[in-house]
Amino acid sequence: MTNVINISPSQTRLGWIGTGVMGASMCGHLIEKGFAMTVYNRSQSKAQPLIDRGATWADSPRAVAEQSDVIFTIVGFPHDVRQVYLCKNDGVLAGCKPGNIVVDMTTSEPSLAVELHHAAKQQQVHSLDAPVSGGDLGARNAALSIMIGGDEDVVAAMQPCFQAMGKTIVHQGAAGAGQHTKMVNQTLIATGMIGVCEALIYAHRAGLDLETVMKSVSSGAAGSWSLSNLAPRIIENNFDPGFFVEHFIKDMGIVLSESRRMGLSMPGLALGEQLYQSVKAKGYGRCGTHALTLALADMSGIDWKDR
């Protein structure tokens, strides 16, 4: 295996694939640090703000890799990750050369992260899985939690990039360990969001002022990131996505699949997954995860948006 490159804005060319709700902000922070950037997204219009800030457009994932030393990806689903990396004609690995580093920041399957690590290694390419948590706010504020799986020396070399995007940067172990850690994160969020949404619905039906209630409960033992950051959006009827419902359903599916493989019973998460399926069925799949409120309120005959 080739030595790991030294990474600095003056000598390292970066590539970025996936300029959605979170990816655009994350990529933007690296541009601000002075890195030369090549970008690709299925919809070029979503990458245009980054191009306006100096990024170069490429027509395919392969073209991004051919023009970059380090390639980041943050796309939607595991099948997107597989296509972006392993497509023989236009995939990232088809355009990589020995010594390149690829970093998948998509929340994806741990087994796929291991597969990508082995496929990259065959080409003398370094690979990390580095999913993130913190939503759109964390991405915009460069305050993400980054959970990393892969070789320790590669993780160490990548610190200048990770530090530009996140505040909590932890190497969790070998390939796949970052994705397993993100599954722990998503399990915590799934059941926690049920509590946040049901509590606000209860407060509304009890005739309480929701903002006044928040002053009492958000700083005590019931406090959480979801309560502090998403409950205000729920109260304001702002269900714009910090993280899409349909992507969260994908994540819970991965956890449930992994739990079956490991012989675990996870009834709380299974309930959360079913509730989120109802959110999607009601047409809120492209809303934020806090849109769970709309489905739960409907079960009690409450039109949350018209309360």
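Throughout, residue positions are numbered sequentially from 1 according to the sequence presented.
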Exercise. Near Arg42 CZ, under 6.0 Å, is it more than 12 heavy atoms from other residues, nucleotides or ligands?
Worked result: no

Exercise. Any side-chain heavy atom of Gln122 sitting closer than 4.5 Å to one from Leu93?
Worked result: no

For this session: Quick one: pull up CD1 in Ile189 and CZ in Phe243 and give me the separation to the nearest 0.5 Å.
Result: 8.0 Å

Problem set entry | Taking every non-hydrogen atom, the tightest pair across Asn100 and Val125 | O-CG1, 3.3 Å

For this session: May I ask you to decide if Asn6's main-chain N or O and Gln11's side chain share a donor-acceptor pair within less than 3.5 Å?
Result: yes

Exercise. Say you draw a straight line from CZ of Arg140 to CE of Met22; how long is it, rounded to the nearest 0.5 Å?
Worked result: 10.5 Å

Exercise. Could you state the interatomic distance from CG (Leu144) to CE (Met26), rounded to the nearest 0.5 Å?
Worked result: 5.5 Å

For this session: Please examine the side chains of Leu86 and Leu116, heavy atoms only from C-beta on, and report whether any two atoms are closer than 4.5 Å.
Result: yes

Exercise. Can you tell me how far the OG atom of Ser60 sits from the CD atom of Glu66, to the nearest 0.5 Å?
Worked result: 6.5 Å

Problem set entry | Smallest separation among heavy atoms of His126 and Gly99, with atom names | CD2-O, 3.9 Å

Problem set entry | Check: Asn89 main-chain N/O paired with Arg62 side-chain donor or acceptor under 3.5 Å | yes

Exercise. Passes side chain to side chain contact (heavy atoms under 4.5 Å, CB included), Met37 versus Arg53? Steps please.
Worked result: CA-CA 10 Å; Met37 183 70 70; Arg53 294 169 63 183; over 6 Å; no

For this session: Would you kindly confirm whether Met147 and Val184 end up in one hydrophobic cluster when ILVMFWY residues are joined by side chain heavy atoms under 4.5 Å apart?
Result: no

For this session: Name the orientation class of the two ring planes belonging to Phe239 and His290 (parallel below 30°, tilted from 30 to 60°, perpendicular beyond 60°).
Result: parallel

Exercise. When you measure from the side chain of Asp129 to the backbone N and O of Ala113, does any donor-acceptor pair fall under 3.5 Å?
Worked result: no

Seminar exercise, completed: Correct closest heavy-atom pair for Ala94 and Cys87 would be CB-O, 4.1 Å

For this session: Report, as yes or no, whether the 6.0 Å neighbourhood of atom CD on Glu211 holds more than 12 heavy atoms from other residues, nucleotides or ligands.
Result: no

Problem set entry | Step-by-step side chain to side chain donor-acceptor pair (under 3.5 Å) determination, Ser8 to Ser10 | CA-CA 5 Å; Ser8 70; Ser10 63; 3.1 Å; yes

Exercise. If you look at every heavy atom in Ile5 and Ala157, which pair is closest and at what distance?
Worked result: O-CB, 3.8 Å

Problem set entry | Leu230-Leu188 co-clustered via ILVMFWY side chain contacts under 4.5 Å | no

Exercise. Is Trp225 reachable from Leu292 through a run of I, L, V, M, F, W or Y residues, each pair having side-chain heavy atoms under 4.5 Å apart?
Worked result: yes

For this session: Give a yes or no answer on whether the side chain of Glu109 reaches the backbone of Pro78 with a donor-acceptor pair at less than 3.5 Å.
Result: no

Exercise. Does the Ser257 side chain pair with the main chain of Ile254, one donor and one acceptor, at a distance under 3.5 Å?
Worked result: no

For this session: Verify, without hydrogens or angle tests, whether Lys182 (side chain) and Val132 (backbone) share a donor-acceptor contact under 3.5 angstrom.
Result: yes

Problem set entry | Student check: side-chain heavy atoms of Thr181 and Asn185 closer than 4.5 Å | no

Problem set entry | Student check: side-chain heavy atoms of Tyr202 and Glu198 closer than 4.5 Å | no

Exercise. Taking atom NZ of Lys167 as the centre, does the number of heavy atoms from other residues, nucleotides or ligands within less than 6.0 Å exceed 12?
Worked result: no

Problem set entry | Cluster check Ile302, Leu275: I/L/V/M/F/W/Y, side chain < 4.5 angstrom | yes

Problem set entry | Flag, side chain of Tyr276 to backbone of Thr289, donor-acceptor distance under 3.5 Å | yes

Problem set entry | Close side-chain approach of Leu30 to Cys161, heavy-atom, < 4.5 Å | yes

Exercise. Just how far is it from atom CG of Leu210 to atom CD1 of Ile235, taken to the nearest 0.5 Å?
Worked result: 5.0 Å

Seminar exercise, completed: Exactly one candidate in Tyr40, Tyr85, Trp16 meets ring-ring contact (aromatic ring centres under 6.0 Å, His included) with Phe72; the answer is Trp16

For this session: Could you tell me whether the side chain of Val39 reaches within less than 4.5 Å of the side chain of Asn41, counting heavy atoms only?
Result: no

Exercise. Asp151 side chain to Asp153 main-chain N or O, any donor-acceptor pair under 3.5 Å?
Worked result: no

Seminar exercise, completed: Heavy atoms of Ala58 and Ala63 approach each other most closely as CB-CB, 3.8 Å

Exercise. Are Ile201 and Thr293 close enough, and set up right, to give a side chain to side chain contact (heavy atoms under 4.5 Å, CB included), and what steps lead you there?
Worked result: CA-CA 8 Å; Ile201 293 167; Thr293 309; 4.2 Å; yes

For this session: Please report the C-alpha distance between Phe35 and Val70 in whole Å, then the side-chain angles of each, then the deciding distance to 0.1 Å, and finally whether the side chain to side chain contact (heavy atoms under 4.5 Å, CB included) criterion is met.
Result: CA-CA 11 Å; Phe35 284 99; Val70 179; over 6 Å; no

Exercise. Should the heavy atoms of other residues, nucleotides or ligands under 6.0 Å from CG of Asn3 be counted, would the total exceed 12?
Worked result: no

For this session: Check the angle between the aromatic planes of Phe244 and His247 and answer parallel, tilted or perpendicular using the 30° and 60° thresholds.
Result: perpendicular

For this session: Using a 4.5 Å cut-off on heavy atoms from C-beta on, say whether the side chain of Phe162 contacts that of Val103.
Result: yes

Seminar exercise, completed: When rounded to the nearest 0.5 Å, the distance separating CD1 of Ile31 from NZ of Lys33 is 13.5 Å

For this session: Could you tell me whether a side-chain N or O of Thr187 sits under 3.5 Å from a main-chain N or O of Met183, the two making a donor and an acceptor?
Result: yes

Exercise. Do side-chain atoms of Trp304 reach the backbone of Ile234 as a donor and acceptor pair under 3.5 angstrom?
Worked result: yes

For this session: Determine whether Leu271 and Tyr284 fall in the same hydrophobic cluster, where Ile, Leu, Val, Met, Phe, Trp and Tyr are linked whenever their side-chain heavy atoms lie under 4.5 Å apart.
Result: yes

Problem set entry | Shortest non-hydrogen separation from Ala295 to Val279 and the atoms involved | CB-CG2, 3.6 Å

Exercise. Are side-chain heavy atoms of Leu256 and Leu269 found at a separation under 4.5 Å?
Worked result: yes

Exercise. Do Leu227 and Met214 pass the side chain to side chain contact (heavy atoms under 4.5 Å, CB included) test, and can you show the C-alpha distance, the side-chain angles, and the key distance before you say yes or no?
Worked result: CA-CA 8 Å; Leu227 186 65; Met214 283 290 294; 3.9 Å; yes

